[in-house]
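The structure appears right after this line, and notes come after that.
Proteins get letters first, then strands, A, B, ... in listed order; numbering begins at 1 in each.
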Amino acid sequence: MNYWLMKSEPDAFSYDDLVRKGKAEWDGVRNHAAQGHMRAMRRGDLSIFYHSNIGVEAVGIMEIVEEAAPDSTDDSGKWIAVHVAPRERLAKPVTLKAMKADSALSNMVMLRQSRLSVAPLTKAEFDHILAMSKA
DNA sequence: GCCAACGTTGGC
DNA sequence: GCCAACGTTGGC
């Protein structure tokens, strides 16, 4: 089981939108590092849903329900997407500021490379963010 | 709206 | 293959 963090701008696609749809293709990723992470995802992996630009915080947990397949928004055939489903909303969002301030997360890939829209998390990091959301 | 980080493009 | 120019992302 692997853990991930995926970003979306909530005015384009929010956690509420995902809850409403029940399941969604995580499409439009056009960065090779992020694509590599999506190819490594397996059914049942869990991912933090993070709102970039607006809110700037982790808001929910989702599950990878379908592994990498051609991105339906890509005509070139080069890019892949996964499918995700909502699992649970965080009791309290965990802000970027709080994550940056927490030494337990100092090696988090997303904090070190802020532009990466799909990033891996260790189990410890994932569990720590969940604990912060309940504190 | 600004700017830093970083990916991509194109000239050489 | 290098590197400058440019575009995009994302935080502030």
Side-chain angles (χ1 to χ4, degrees):
Chain A
M1 153 93 72
N2 287 304
Y3 300 90
W4 309 96
L5 181 145
M6 300 166 93
K7 293 183 185 178
S8 178
E9 299 186 19
D11 55 353
F13 188 74
S14 69
Y15 192 73
D16 282 344
D17 292 330
L18 179 60
V19 169
R20 212 169 293 128
K21 291 187 75 173
K23 173 181 166 182
E25 180 183 36
W26 200 268
D27 56 29
V29 175
R30 298 290 183 269
N31 169 283
H32 291 290
Q35 284 271 304
H37 294 314
M38 290 208 298
R39 286 182 191 280
M41 290 179 180
R42 293 296 168 255
R43 186 186 296 264
D45 284 358
L46 296 179
S47 176
I48 298 282
F49 192 123
Y50 174 87
H51 281 173
S52 60
N53 278 318
I54 299 169
V56 193
E57 59 196 7
V59 294
I61 301 167
M62 54 189 176
E63 180 177 341
I64 309 307
V65 293
E66 286 180 34
E67 296 176 10
D71 183 331
S72 69
T73 67
D74 168 38
D75 294 331
S76 74
K78 290 179 189 166
W79 304 101
I80 55 89
V82 297
H83 281 71
V84 296
R87 259 244 180 147
E88 72 183 83
R89 192 184 306 273
L90 297 184
K92 279 190 304 181
V94 179
T95 63
L96 178 65
K97 189 178 173 191
M99 290 190 271
K100 279 183 174 171
D102 197 312
S103 60
L105 301 178
S106 58
N107 288 318
M108 222 173 101
V109 172
M110 189 274 277
L111 296 182
R112 300 196 154 212
Q113 234 191 303
S114 67
R115 285 184 53 191
L116 190 59
S117 65
V118 179
L121 291 175
T122 65
K123 175 163 173 38
E125 289 164 348
F126 181 86
D127 289 344
H128 193 78
I129 292 169
L130 286 207
M132 291 169 79
S133 76
K134 291 167 184 164

**Request:** Treating Ile, Leu, Val, Met, Phe, Trp and Tyr as nodes and any side-chain heavy-atom pair under 4.5 angstrom as an edge, say whether Ile48(A) and Leu116(A) lie in one connected cluster.
**Result:** no
**Prompt:** Could you give the NE2-to-P distance, from His51(A) to dC12(C), as a whole number of Å?
**Reply:** 17 Å
**Message:** Over all strands shown, is Lys97(A) touching base, sugar-phosphate only, or nothing at heavy-atom distances under 4.0 angstrom?
**Reply:** nothing
**Request:** Check every atom of dT8(B), dG11(C), dA5(B) against the side chain of His32(A) and return the nucleotide holding the closest atom.
**Result:** dT8(B)
**Request:** Hydrophobic side-chain clustering at under 4.5 Å (ILVMFWY, transitive links): who's grouped with Trp4(A)? Put none if nobody.
**Result:** Met6(A), Phe13(A), Tyr15(A), Leu18(A), Val19(A), Trp26(A), Val29(A), Met38(A), Met41(A), Phe49(A), Val59(A), Met62(A), Ile64(A), Ile80(A), Val82(A), Val84(A), Val118(A)
**Prompt:** In whole angstrom, what separates Glu9(A)'s CD from dT8(C)'s C1'?
**Reply:** 11 Å
**Asked** For Leu5(A) and dT9(C), what is the distance between atoms CG and C1' respectively, to the nearest whole Å?
**Response** 15 Å
**Prompt:** Roughly how many Å is it from CZ in Phe13(A) to P in dG10(C), rounded to a whole number?
**Reply:** 16 Å
**Message:** Between Tyr50(A) and dG11(C), is there a contact of a side-chain N or O with OP1 or OP2 at under 4.0 Å?
**Reply:** yes
**Asked** Whole-Å distance between dC12(C) C1' and Met99(A) CE?
**Response** 16 Å
**Message:** Looking at Gln113(A), I'd like to know whether one of its side-chain N or O atoms comes within less than 4.0 Å of OP1 or OP2 on dG11(C).
**Reply:** no
**Prompt:** Are any of the side-chain nitrogens in Glu66(A) or Lys23(A) under 4.0 Å away from the carboxylate oxygens of its partner?
**Reply:** yes
**Message:** Of the options dC12(C), dC6(B), dG7(B), whose atoms approach the side-chain atoms of Arg115(A) most closely?
**Reply:** dC6(B)
**Message:** Can you measure Leu116(A) atom CG to dG7(B) atom C1' for me and round it to whole angstrom units?
**Reply:** 12 Å
**Asked** Arg112(A) has an atom CZ; how far is it from atom P of dC6(B), in whole Å?
**Response** 12 Å
**Request:** With sequence neighbours excluded, tell me which residues meet salt bridge (Lys or Arg N to Asp or Glu O under 4.0 Å) with Arg43(A).
**Result:** none
**Request:** Could you check how far CG of Leu111(A) sits from C1' of dT9(C), rounded to whole Å?
**Result:** 16 Å
